[in-house]
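Taking it in order: structure first as structure tokens, then the write-up.
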Amino acid sequence: MAITVRICDLMRHEGQDVEIRGWVHGLRTGGKIAFLLVRDGTGVCQCVVEAARPDAFEAAVSAGHESSVRVTGRVRLDPRAPDGAELDTERVEVVQNVPDYPIARKEHGIDFLLRHRHLWIRSPRQCAILRIRDTVVRGIHDFFAAQGFVRIDTPILTPGAAEGAATLFPVDYFGEKIYLAQTGQLYLEAAAMALGRVYSFGPTFRAEKSKTRRHLTEFWMLEPEIAWAELPDLMDLAERLICDLVGRVLERHRAELELLERDVAALERVHPPFIRLTYTEAVDLLRGTDTRRRLEEELERERAELAAGQARHGELEAQMATVKKGWAQDRLAREIAALRERLAHMGQELENRPAHIEAASRFQWGDDLGGDEETILARLFDRPVMVTRYPRAVKAFYMKPAPDDRRVVLNVDVLAPEGYGEIIGGSQREDDLEALRARMAEEGLDPAPYEWYLDLRRYGTVPHGGFGLGLERFLAWMCGLRHIREAIPFPRLMGRIYP
RNA sequence: UCCGGUGUAGCGCAGCGGUAGCGCAGGUGACUGUUAAUCACUUGGUCGUAGGUUCGAAUCCUACCACCGGAGCCA
């Protein structure tokens, strides 16, 4: 009787009779031999079926893409097999034959793929991302458990507005209008006063009408909150956390990163110390002649890159005439289209760049750092950049002003390299009751719903702080994804809720 | 919300005033070691919707709808 094994374990069963269970990933047939590729979520196995076993052969050649199957046979190691081991097949049981699986092994449009997300996640690329996501999530829990943090689950249904009701999803709560949480921070502050070091990790909701590669309406956020911590403590923690998570991914997911065509060298450069800048230094940097020179040099480089891209474009078009195979032509056509799009984008970028350089050089102290400025800053360095002490006016009411400069707050944003933008935002919190009240009045906030929060400053207030890390943005950076929507199993986007 | 773009076969695209095309997938046949196998044959279309211009519209115009990309805001 054959034992049932997972495909990832096949190598350990050389010469044994085993059964694998999975889905048809591909099929190639000859007149008297068939190669049935079966995937089971742990790997892909090539099942070699000879016509000398007519039942198995018939079953194999009739099975469509993603048909569910049980296959029994003897394991043989063979360099010609995709993962090293293949099966000399004795029996193929088609549990369900599928004649018309919608997703082919070819390029698809993004609208089609998102409408078929429930099937799209079966593809190797999506599985790789989901595995890395799992490692990062486990890594988060391991990291904080090892440092004595207690996990706190904060509520998802919340009263009133914490940071501007425009970005909150309203929910009818027995006739009362409440909202889906966009942060658990205020609750975490309460928990930190109880347990010292706490963190939450869960879904959070933003009704921002943003259709960009960096936005989801539902995303997962990690939020540590620590009693007695001051800004430098938070920065150290953020740095250690990021390095720990990057290290875990590099250690366990070389194969996945390669499949994703991620530039691993860029991740290997992520180690302490990160670049630390105050907002004021960042502004000086943006306005400085040195930055201007570097950006202009980069502009030249990109112009050269554009020219190279155009040359490559011509090359590909020439190739098009010589390539005969249908699918190869198809792929080449896609490549040309993608390149053309990228060139158009680059051309536009280059056109706008002088204006960006100009805008950066005219950046005024007090302006909020926008996407463009963040990109420029991140581009100046090859590892994450921590920007601290932003102007008070552009930040939330609970952030503590710096004792030595009341114009700025004790906050930190961490910018990921390679244009992935802000992955962490955090701050030391205002711990003085009267100062907090004054700030709330300044923002026009009604103190009544916040009385419980103000109690935290009445009964044993201490310096404390925390930050939020957006899981999907972090993953998009880890995996080198162009769009954040691939970093979550079932993305919720503006105007898209199916499936 | 604003700006730009795209809707043609199940999927990816070409056609841009004159008979609806290509590739993949699907179907049939050939092939004993394939790696997106190959070769031959083949099914499949109210050209997003509604108006308009024209002898004639997938193609030009208008409106609407859907989707994509970007901006603002943010993790």
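Below, read A as the first sequence line, B as the second, and so on, with proteins coming before strands; counting in each chain starts at 1. Reckoned from all heavy atoms, side chains included, excluding hydrogens, waters and symmetry mates.
Contact between the side-chain N/O atoms of A:Arg28 and the OP1/OP2 oxygens of B:U34 is not found at any separation under 4.0 Å. In this structure, A:Arg80 does not reach the B:U32 phosphate: none of its side-chain N or O atoms is under 4.0 Å from OP1 or OP2.
Closest heavy-atom contact between A:Glu418 and A:Ala266: OE2-CB, 3.5 Å. Nearest approach of A:Ser62 to A:Asn97, heavy atoms of both residues: O-ND2, 3.0 Å.
Counting any heavy atom pair closer than 4.0 Å across all strands shown, A:Leu37 reaches no nucleic acid atom. If you check every strand for non-hydrogen atoms under 4.0 Å, A:His25 touches nothing. In this structure, A:Arg53 reaches neither bases nor backbone, as no heavy-atom distance under 4.0 Å exists between it and the strands shown. Here A:Thr29 lies in heavy-atom contact (under 4.0 Å) with a base.
Using a 4.0 Å cut-off between charged nitrogen and carboxylate oxygen, A:Arg248 and A:Asp244 count as a salt-bridge pair.
One atom, CD of A:Glu66, and another, C1' of B:C11, lie 16 Å apart when rounded to the nearest Å. Taking atom CG on A:Leu27 and atom P on B:C24, their separation rounds to 17 Å, with Å as the unit.
The side chain of A:Arg214 approaches B:A71 more closely than any other nucleotide in the set B:A75, B:A71, B:G33. The side chain of A:Val48 lies closest to B:G33, out of B:U32, B:G72, B:G33. Minimum atom distance to the side chain of A:Met221 is reached by B:A75, of the listed B:A75, B:U32, B:C68. Each of B:G69, B:G72, B:A75 was ranked by its minimum atom distance to the side chain of A:Leu216; first place goes to B:A75. Closest contact between the side chain of A:Gln46 and the listed nucleotides B:A75, B:C11, B:U34 involves B:U34. In this structure, of B:C31, B:G12, B:G33, it is B:G12 that holds the atom nearest to the side chain of A:His108. The A:Lys209 side chain lies nearest to B:U1 when the options are B:A75, B:G33, B:U1.
Pair assignment for B:G45 gives none, since no Watson-Crick or G-U wobble pairing has each distance under 3.5 Å. Across all strands shown, B:C74 remains unpaired; no Watson-Crick or G-U wobble contact has both distances below 3.5 Å. In this structure, B:A58 forms no base pair with any nucleotide, since neither Watson-Crick nor G-U wobble geometry is met with both distances under 3.5 Å. Judged by Watson-Crick or G-U wobble contacts below 3.5 Å, the nucleotide B:C65 has B:G7 as its partner. Across all strands shown, B:U32 forms no Watson-Crick or G-U wobble pair with both key distances under 3.5 Å. Figure legend. B:G12 is base-paired to B:C22; pairs are counted as Watson-Crick or G-U wobble with both atom distances under 3.5 Å. Across the strands present, B:U53 finds no partner; the criterion is a Watson-Crick or G-U wobble pair with both atom distances under 3.5 angstrom.
No N or O donor and acceptor, one from the side chain of A:Arg115 and one from the base of B:G10, sit under 3.5 Å apart. In the interface, the side chain of A:His215 is paired with the base of B:C74 through a donor and an acceptor atom under 3.5 Å apart. Evaluation of atom-type donor-acceptor distances gives a pair under 3.5 Å for the side chain of A:Glu86 against the base of B:G33. In this model, a side-chain donor or acceptor of A:Arg473 finds a partner on the base of B:C74 within 3.5 Å.
To the nearest whole angstrom, the two P atoms, one in B:G10 and one in B:U6, are 23 Å apart. Between the C1' atoms of B:U43 and B:G29, the separation comes to 15 Å (whole Å). Across B:G17 and B:C60, the matching P atoms stand 7 Å from one another, rounded to whole Å. Comparing the C1' positions of B:C22 and B:G45 gives an interatomic distance of 14 Å, to the nearest angstrom. Comparing B:A9 with B:U49, their P atoms are spaced 11 Å from each other, to the whole Å. Nucleotides B:G48 and B:C68 have their C1' atoms positioned 15 Å apart, rounded to a whole Å. To the nearest whole angstrom, the two C1' atoms, one in B:U59 and one in B:C47, are 10 Å apart. With P as the reference atom, B:C39 and B:G52 are 49 Å apart, rounded to whole Å.
The structure places CZ of A:Phe205 at 8.5 Å from OG1 of A:Thr217, a figure rounded to the nearest 0.5 Å.
Aromatic ring orientation, A:Tyr498 versus A:His118: perpendicular (interplanar angle above 60°, classes split at 30° and 60°). The aromatic rings of A:Phe201 and A:Trp220 sit tilted relative to each other, their planes meeting at an angle between 30° and 60°. The aromatic rings of A:Phe112 and A:His116 are tilted relative to each other, their planes meeting at an angle between 30° and 60°.
Between A:Glu50 and A:Phe112, the one whose closest nucleotide on RNA chain B sits nearer the 5' end is A:Phe112. Residue whose closest nucleotide on RNA chain B sits further toward the 5' end, between A:Pro102 and A:Ala81: A:Pro102.
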TODO: Show the numbers, then the answer: is there a ring-ring contact (aromatic ring centres under 6.0 Å, His included) between A:His141 and A:Tyr199?
DONE: CA-CA 9 Å; A:His141 290 308; A:Tyr199 75 104; 5.7 Å; yes

Task: From CA spacing to verdict: side chain to side chain donor-acceptor pair (under 3.5 Å), A:Arg117, A:Gln126 - done: CA-CA 10 Å; A:Arg117 182 62 175 169; A:Gln126 299 308 312; 2.9 Å; yes

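Contacts between residues 487-499 of chain A and RNA chain B, counted as heavy-atom distances below 4.0 Å, involve A:Gly495, A:Arg496.
Without hydrogens or angle criteria, A:Tyr420 side chain to A:Leu481 main chain gives a donor-acceptor distance under 3.5 Å.
With centroids closer than 5.5 Å and planes inclined by less than 30 degrees as the test, A:Phe35 and the base of B:G33 fail to qualify as a stacked pair.
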